[in-house]
Amino acid sequence: MCGIVGYIGEKQAFPILIEGLKKLEYRGYDSAGVALVKDQGELNVYKTTGKVANLETLVDGKDIEGHVGIAHTRWATHGEPSVKNAHPHVSMDGNIAIVHNGIIENYQVLKQQLVDRGYMFNSTTDTEVLCQLIDYYYNNNGSNLLSAVCSALNDVIGAYAIVVTEKKNPHHLVAARQSSPLVVGVGKDKKEFFIASDATPIVEHTDKVVYLDDGQIADISINNGLHIVNHSNKQCQFDIKTVDMDISKLSKGGFDHFMLKEIYEQPNCLRDAMSGRLIANAEHPENNRIVLSALRDYRDRLVNARNIIILGCGTSWHAGLIGKQLIESMCRKRVSVEYASEFRYNNPVVDKDDVVIAISQSGETADTLAAIQLAKQHGALIFGIVNAVGSSIARETDTGIYLHVGPEIGVASTKAFTGQVAMLTLFALALGHETGTLSDSEYHKIIGELALIPTKMEKELEVTEKIANLAKMFTYAHNFLYLGRGFNYPVALEGALKLKEISYIHAEGYPAAEMKHGPIALVDQDMPIVFIATHHKLYEKIISNMQEVKSRKGRILAIVTEGDEHVREIADNVIEIPKTENCLVPLLSVVPLQILAYYVAVDKGLNVDMPRNLAKSVTVE
Ligand code: M6R
């Protein structure tokens, strides 16, 4: 959470910083700020509440000169969103400016020590404490910014990505990382450098990047280039990597919102994600197969895994619940799905014979990262299902599968979810076949059907307008229930999460049969209930649940298999989805729920891509 950008080089920093902030706004958007250092040693800081656009308006007509600068878009942790709490924070003597993403856990102790030394504070943030602490060491330790940052970070407990600048030495930036991501872009001839929370603001300037590791501090100056040290100020070796990112994927491409664009991208995203991994031949299904290098490289540990533990948060956790059903049914292995935030503190039972599957779109979720580090200490094999290439989680895993669905900008996850489910399906198919628990005929049949999913999704997207019209009827609602069984139970959870995230309507997902154990008390004529009632062995039972709701006057919207006649007689509205294998249904049944949530939020006039209080990348615990 929070987006950081820094620039040092021959160009004017401000336009680079502001464009960079816009690309990182998904990480937080309650306030924004920039600090620019002029060559002659003048520091100008501008801060505002709200979005980056407000910052642009604020600086209109002001002095934005400077070849060095740092900028920030905030997701508040300590202190309300306000100009005072916005970053950059500046030291009491006005020399040092800092932007920070993360949480300094011992900031109160450090603050008291600084108060005792005569420091005063403008804000209620932990970041300002770090700024004054750096200033303290700077003024008492030979006025060297790098040494001052090293000393200050040795006092700090917590998570941070920081970029620090000073006006006394105006051609200099120091950046550091601990549990919060930070990337350094290396420009042409190593004459300019870009720093950002992820590579998206950097790729339009350079494809050469260095991913900082935990405990590393980058010292960057125009004259001496980039050096990386540890907290003891000892040099570290580093690799410059080349990133491959399609910049066109970072624009809305004619859609009103990133979320809608990402919903529509799903068929092609799945084609990309499965390309080279799923080999299907309709004429010779006996040749259908899954090719996963991770499975080849770690075959024995995967085949012999005692337990499989799936870790994730939010939508990724929902994908994990589908993964559990896929792996248990195809591989006959015991699978548990854990919230990473609970797992990391619950003294979990995990050992070297276990495989941990870590699912994360961003690859930066602090709880998931900490949970896999714990599992690693116990010797488990860590298998990542991650979208962001080169992200912290991707680098922490032993092996895995990238989603390859492209950057997801909308805060509400859509294409990453279907990508995760598709990758879990490939994993379960390949492992089940390898272990011999999945018959050849099932293996070939499901692969053949999976290959058709992108085209079936395209068909689903043809009824978007119908769902948009239905959505208008639901803007009044204060509560929603989403009910499903089997593979559609996690879809119910995901549908409810989508709606509450962006429309602020309270929504809960339940296994349909659980309804009568409590939630049915909520049902009345004002309560919309979404049933995901596709054809499977529990179809008749879910129809009974529907009858129970109907007799209490609940308003039913049902997602059904195309051609369904029975549900139509009970439900107020139905949305048909194409027929497929039961284990693949989530890939199709989630799409109308994404569209529904999107249009309810749009009809309520809400900011779909940047819903209140949320951030795309949850880098604090
Ligand atoms: O980047 P991750 O997949 O690790 O993120 C996990 C959750 O924070 C994320 O899925 C969140 O729930 C989304 N906003 C859901 O739409």
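All ligand and atom numbering here is 1-based and tracks the order in the structure. Given the structure is predicted, the values throughout are model-derived calculations rather than measurements.
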Show which atoms of ligand 1 fall inside a sub-4.0 Å distance from at least one heavy-atom site of [X].
X	answer
Lys498	15 (C), 16 (O)
Ser316	2 (P), 3 (O), 10 (O)
Gln361	1 (O), 2 (P), 3 (O), 4 (O)
Val618	8 (O)
Val411	13 (C), 14 (N), 16 (O)

Would you mind checking which non-hydrogen protein atom is closest to [atom], with the distance to 0.1 Å?
atom	result
atom 4 (O) of ligand 1	Thr365 OG1, 2.4 Å
atom 15 (C) of ligand 1	Thr315 OG1, 3.0 Å
atom 1 (O) of ligand 1	Ser362 OG, 2.6 Å

**Message:** Applying the side-chain contact (heavy atoms from CB on, under 4.5 Å) criterion to Ile70, which one of Ile162, Val5, Val163 satisfies it?
**Reply:**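 With Ile70 as partner, Ile162, Val5, Val163 yield a single side-chain contact (heavy atoms from CB on, under 4.5 Å), made by Val163.
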
**Asked** Do you know which of Val405, Ile357, Ile401 makes side-chain contact (heavy atoms from CB on, under 4.5 Å) with Met423?
**Response** Ile401

**Prompt:** Strictly under 4.0 Å, does any heavy atom of Lys616 approach an atom of ligand 1?
**Reply:** no

**Prompt:** Going by heavy atoms, is Thr368 under 4.0 Å from ligand 1?
**Reply:**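 Contact check Thr368 vs ligand 1: negative.
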
**Request:** Give a yes or no on whether the backbone of Ser362 and the side-chain of Asn387 come within a donor-acceptor separation of less than 3.5 Å.
**Result:** no

**Residues Asp213, Arg395: salt bridge by 4.0 Å N-O rule** =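 Looking at Asp213 and Arg395, the cut-off is met.
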
**Request:** Assess the pair Phe474 and Tyr599: is the distance between their ring centroids shorter than 6.0 Å?
**Result:** no

**Item:** Distance-only polar pair, side chains of Ser392 and Tyr211, donor-acceptor under 3.5 Å
**Value:** no

**Item:** Pairwise distance OH(Tyr598) to CG(Asp256) - rounded to 0.5 angstrom
**Value:**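 So the OH of Tyr598 and the CG of Asp256 are separated by 5.0 Å.
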
**Asked** For atom 6 (C) of ligand 1, which candidate among Cys313, Gly314, Ala597, Gly312 holds the nearest heavy atom?
**Response**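 Heavy atom nearest to atom 6 (C) of ligand 1 belongs to Cys313.
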
**Asked** Short N/O distance, under 3.5 Å, between Ala412 and ligand 1?
**Response** no

**Message:** Once you restrict to heavy atoms under 4.0 Å, what part of Glu501 touches ligand 1? Side chain, backbone, both or neither.
**Reply:** side chain

**Prompt:** Within 45° of the axis and under 6.0 Å from the centre of the six-membered ring of Tyr504, does NZ or CZ of Arg612 qualify?
**Reply:** yes

